[in-house]
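Notes for the one structure printed next.
What you are looking at is a predicted structure, and each value in this text was computed from that prediction instead of being measured.
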Amino acid sequence: MIELNNITKTFPGVKSLDAVTFEAKAGEIHALLGENGAGKSTLIKTIAGAYIPEEGEIIFDGTTRNWESPKQAKDAGIHVIYQELMLFPELSVADNIFIGKEPRTRFGQIDYKQMHMQAREILDRLGHVLAPSETVKNLTVADQQMVEIAKALVGDTKLLVLDEPTAITSGREAAVLFERVNNLKEQGVCIIYISHRLEEIFEIADRVTVLKDGQYVGTKNITDIDKDRLVGMMVGRELSDIYPTKSKRADDVPVLTAHDLSLTPRVKSVSFELFPGEIVGLAGMVGSGRSEVAHALFGSMKRDAGSVTVNGAPYNTPTPKKSIELGIGFLTEDRKEQGLLPLLDAAANITAPGLGEISTNAIISRDKEFVIAENEIQRFAIAIPGPRSDVWNLSGGNQQKILFARWARVCHRVLILDEPTRGVDVGAKVEIYKMIRRLAGEGIAILVISSELQEVVGLSSRVLVMREGVMTGELSGQDVNEKAIMRLATLQDAA
């Protein structure tokens, strides 16, 4: 369906694609992998007509193409669904599906009856039950994602690109997505699938192509490769080298104790202890209440009942401000909505929780802020020109490092990490795991919430497991494994 031969694309000072060859077939799911900066996004934008290469040939559906605009590529049957959904929240499902392509009456008005009927037909094709009249802002993220896919099916889509489709979904929602994508594959659609989650690549892909530093590394049938070799292709290191040596508690006296926490409706009864220097995993299916426990501890959500002590002293009316003063940090799961300050520079993002340190009479000293930021940029190896750099257009890994730098400065007792490596590549994950281990080595108690079981197992010396708002068990030592976690998370043996 798509064949790229010797594609080269250069930006000022950077050769983003260097004579890259790639091809994908009709009726297959072809995974495209590589670290941030490997050239994946540039390749996709070249396929979609957003970038025009300096060299090379594009053959689409048997015909040599020279795209001059994304519209040309889209009209030919190429549709890209980016990680950030492009929907109009105040409009209906049908309005969003047909935006710009609404069926018209003979008087030129939008034919809403026809549009709703066609929207229902497209959703039926996807096997997804959704009312065409429903307002998009009222939908779950998974349903919004299906609306994006439905948009791709207006007209004759031959190639569908999915860029990190599970970065905003997991669990049952991801399983539904995989079902729908496989339906499209069976209908002959060529699907290019980009993801940092290796386990889902092995679940859904037929073949995988790896890029590194703008160059083609290789293409493999998914049945002919394992995770270890795939990681080796991407980053030049073995899977076994990804996780650091597990930390041990520095003290047998808990730094934080939670007893019978509840937060309606997600958290019913949760009790646990955190010890200095220990990395503890908090696992469970989506909806089990993991993130709500984190918010309840930090004070960003109000708990209904239960008690907490920090260093033996009661802490029962938490607020984010008090938590920061006590040395408790919280890196939230959604860095763009709840973490980053997108209109401010790197320095302001790093120093945000501790403005008193850089202020005199409520006036911030930018000079002091820049000195602190420079040190943190070096300490966490953040790949940006300097403290004045914009954070919004950074890679996911560098954005996450900025948030680590922020919390490491003010957090000296407890650091809560909710999905710390969501949407970052394997290379950045390795660096983040080293950061987590280093902070634990400084005596900080770390609570890691993650939907990636391999991550939980690789980092944690102890794992707490939740199901439907209650703690179903605790694992340590040799018992920390994926099957044991799944058994407690679902109260049944893992497949």
Side-chain angles (χ1 to χ4, degrees), residues 1-9 16-48 56-60 78 80-81 83 158-167 174 177-178 181-182 184-186 188-243 421 423-430 452-455 458 482:
M1 183 58 69
I2 185 80
E3 184 179 347
L4 307 179
N5 296 313
N6 298 313
I7 295 292
T8 297
K9 178 63 182 174
S16 189
L17 296 175
D18 185 2
V20 168
T21 296
F22 173 82
E23 58 90 11
K25 301 173 183 177
E28 82 161 337
I29 299 173
H30 196 123
L32 181 61
L33 301 185
E35 298 183 85
N36 287 338
K40 303 187 301 295
S41 294
T42 305
L43 188 70
I44 290 308
K45 288 177 180 177
T46 300
I47 290 172
E57 178 185 45
I58 301 172
I59 302 173
F60 178 68
I78 295 174
V80 181
I81 298 177
Q83 184 174 335
K158 298 173 182 177
L159 188 155
L160 176 65
V161 180
L162 296 168
D163 186 6
E164 294 287 352
T166 59
L177 172 68
F178 294 164
V181 170
N182 274 308
L184 295 176
K185 167 189 165 181
E186 290 170 7
V189 177
C190 172
I191 296 158
I192 299 175
Y193 191 95
I194 301 171
S195 177
H196 292 311
R197 295 184 175 181
L198 296 188
E199 66 277 4
E200 68 188 31
I201 296 301
F202 284 88
E203 181 177 348
I204 196 171
D206 299 300
R207 289 192 297 161
V208 55
T209 289
V210 175
L211 301 181
K212 181 173 175 60
D213 299 328
Q215 297 182 327
Y216 172 81
V217 175
T219 299
K220 300 287 184 183
N221 291 324
I222 206 68
T223 53
D224 296 335
I225 195 167
D226 57 26
K227 286 184 182 179
D228 210 31
R229 289 171 59 205
L230 192 53
V231 169
M233 289 176 70
M234 285 192 287
V235 299
R237 58 169 68 88
E238 299 300 314
L239 190 63
S240 56
D241 296 333
I242 286 181
Y243 297 100
T421 63
V424 306
D425 63 58
V426 175
K429 282 184 178 183
V430 173
E452 295 190 38
L453 288 186
Q454 191 176 78
E455 184 167 273
E482 292 185 34

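In terms of heavy-atom proximity, Glu203 sits nearest to Phe178 at OE2-CD1, 3.3 Å. Pairing each heavy atom of Thr8 with each of Asp18, the nearest pair is OG1-C, 4.1 Å. Looking at every heavy atom in both residues, Ile222 comes nearest to Ile201 through CD1-CG2, 3.8 Å. Shortest non-hydrogen contact noted between Ala24 and Ile192 is CB-CG1, 4.4 Å. When all heavy atoms of Ile78 and Ala48 are compared, the closest pair comes out as CG2-CA, 4.3 Å. Between Thr219 and Arg207, the closest heavy-atom pair is CG2-NH1, 4.1 Å.
At a threshold of 4.5 Å between non-hydrogen side-chain atoms, the residues Lys227 and Gln454 count as touching. Side chains of Phe22 and Leu211 form no contact here, defined as non-hydrogen atoms less than 4.5 Å apart. For the pair His30/Tyr193, no side-chain contact is recorded, criterion being any heavy-atom separation below 4.5 Å from C-beta on. Counting only heavy atoms from C-beta outward, the side chains of Val20 and Leu4 never approach each other to under 4.5 Å. Side chains of Ile44 and Leu32 form a contact here, defined as non-hydrogen atoms less than 4.5 Å apart.
With sequence neighbours left out, Thr21 forms a side chain to side chain contact (heavy atoms under 4.5 Å, CB included) with Asn5, Asn6. Contacts of Ser41 classified as side chain to side chain contact (heavy atoms under 4.5 Å, CB included), with partners at least two apart in sequence or in another chain: none.
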Practice prompt. Take Phe202 and Val208 through the test side chain to side chain contact (heavy atoms under 4.5 Å, CB included) and record every step on the way to the result.
Written response: CA-CA 9 Å; Phe202 284 88; Val208 55; over 6 Å; no
Item to complete: Step by step, work out the salt bridge (Lys or Arg N to Asp or Glu O under 4.0 Å) result for Lys185 and Asp206.
Response: CA-CA 10 Å; Lys185 167 189 165 181; Asp206 299 300; 2.9 Å; yes
Practice prompt. May I have the step-by-step check of side chain to side chain contact (heavy atoms under 4.5 Å, CB included) for Val189 and Val181, ending in yes or no?
Written response: CA-CA 9 Å; Val189 177; Val181 170; over 6 Å; no
Practice prompt. Evaluate the side chain to side chain contact (heavy atoms under 4.5 Å, CB included) criterion for residues Ile47 and Ile58: first the C-alpha distance (whole Å), next the side-chain angles of each, then the deciding distance (0.1 Å), finally the verdict.
Written response: CA-CA 8 Å; Ile47 290 172; Ile58 301 172; over 6 Å; no
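Note: Met233 CE to Lys212 NZ = 11.5 Å, rounded to the nearest 0.5 Å. Atom CG of Leu159 and atom CE of Met1 lie 7.0 Å apart (nearest 0.5 Å). A distance of 8.0 Å separates CD1 in Ile7 from CG in Leu17, rounded to the nearest 0.5 Å. Note: Leu33 CG to Lys220 NZ = 13.5 Å, rounded to the nearest 0.5 Å. Within the model, atoms NZ of Lys25 and SG of Cys190 stand 10.5 Å from one another, a figure rounded to the nearest 0.5 Å. The line from CD of Glu482 to CG of Leu453 is 5.0 Å long, rounded to the nearest 0.5 Å.
A donor-acceptor pair under 3.5 Å links the side-chain atoms of Lys40 to the main chain of Gly34, judged by distance alone.
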